[in-house]
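These notes are about the structure you will find just below.
No experiment lies behind these values; they were computed from the predicted model shown.
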Amino acid sequence: MRASVGTSAKGAPETVCVPLDGEFGLSDAFAPAAIYYLAAMLVLDENEEMSESFLARYSDQLATLRASLPMGKEHIRDHYPDLA
């Protein structure tokens, strides 16, 4: 995602937990999807139907992001030439 919008890559986060006032560790484009996923997990035990709705929105958001990424050509090396 960062390469497609021309920003530099970030390393993996050092911790699993992020402070509430901390910086979002992914590209800003992922924030809506992360919010839907978090909402789905928070209401899972209380309202499974609502959780499934949030998970569907999360999936839709990721699909939209994937569809927006530009495609590029790369050389793919054939590791198994004898299997053809």
Side-chain angles (χ1 to χ4, degrees):
M1 176 58 98
R2 289 184 189 276
S4 71
V5 295
T7 57
S8 61
K10 283 189 176 180
E14 294 180 19
T15 62
V16 175
C17 296
V18 178
L20 289 176
D21 60 348
E23 182 181 326
F24 184 64
L26 301 174
S27 295
D28 290 342
F30 289 101
I35 291 168
Y36 285 133
Y37 187 81
L38 178 61
M41 295 301 106
L42 288 173
V43 300
L44 181 61
D45 291 336
E46 304 297 323
N47 189 333
E48 192 171 328
E49 186 177 317
M50 183 183 286
S51 178
E52 288 176 9
S53 173
F54 284 135
L55 278 176
R57 291 177 185 197
Y58 159 77
S59 295
D60 290 345
Q61 196 71 36
L62 287 183
T64 300
L65 285 171
R66 282 188 200 107
S68 72
L69 291 175
M71 298 296 153
K73 285 185 174 181
E74 287 188 20
H75 176 72
I76 299 174
R77 196 169 110 197
D78 186 2
H79 287 280
Y80 307 102
D82 297 332
L83 294 178

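- Atom OH of Tyr36 sits about 14.0 Å away from atom OG of Ser51, to the nearest 0.5 Å.
- Under the 4.5 angstrom side-chain criterion for Ile, Leu, Val, Met, Phe, Trp and Tyr, Ile35 has no cluster partners at all.
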For a quick test of your reading: what N or O donor-acceptor pairs under 3.5 Å do the side chains of residues 53-65 make, sequence neighbours left out?
from: Ser59; atom 1: OG; to: Leu55; atom 2: O; distance (Å): 3.2
from: Thr64; atom 1: OG1; to: Asp60; atom 2: O; distance (Å): 2.9

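- Placement of Leu44 and Leu42 in two distinct hydrophobic clusters is found when ILVMFWY residues are connected by side-chain heavy-atom separations under 4.5 Å, directly or transitively.
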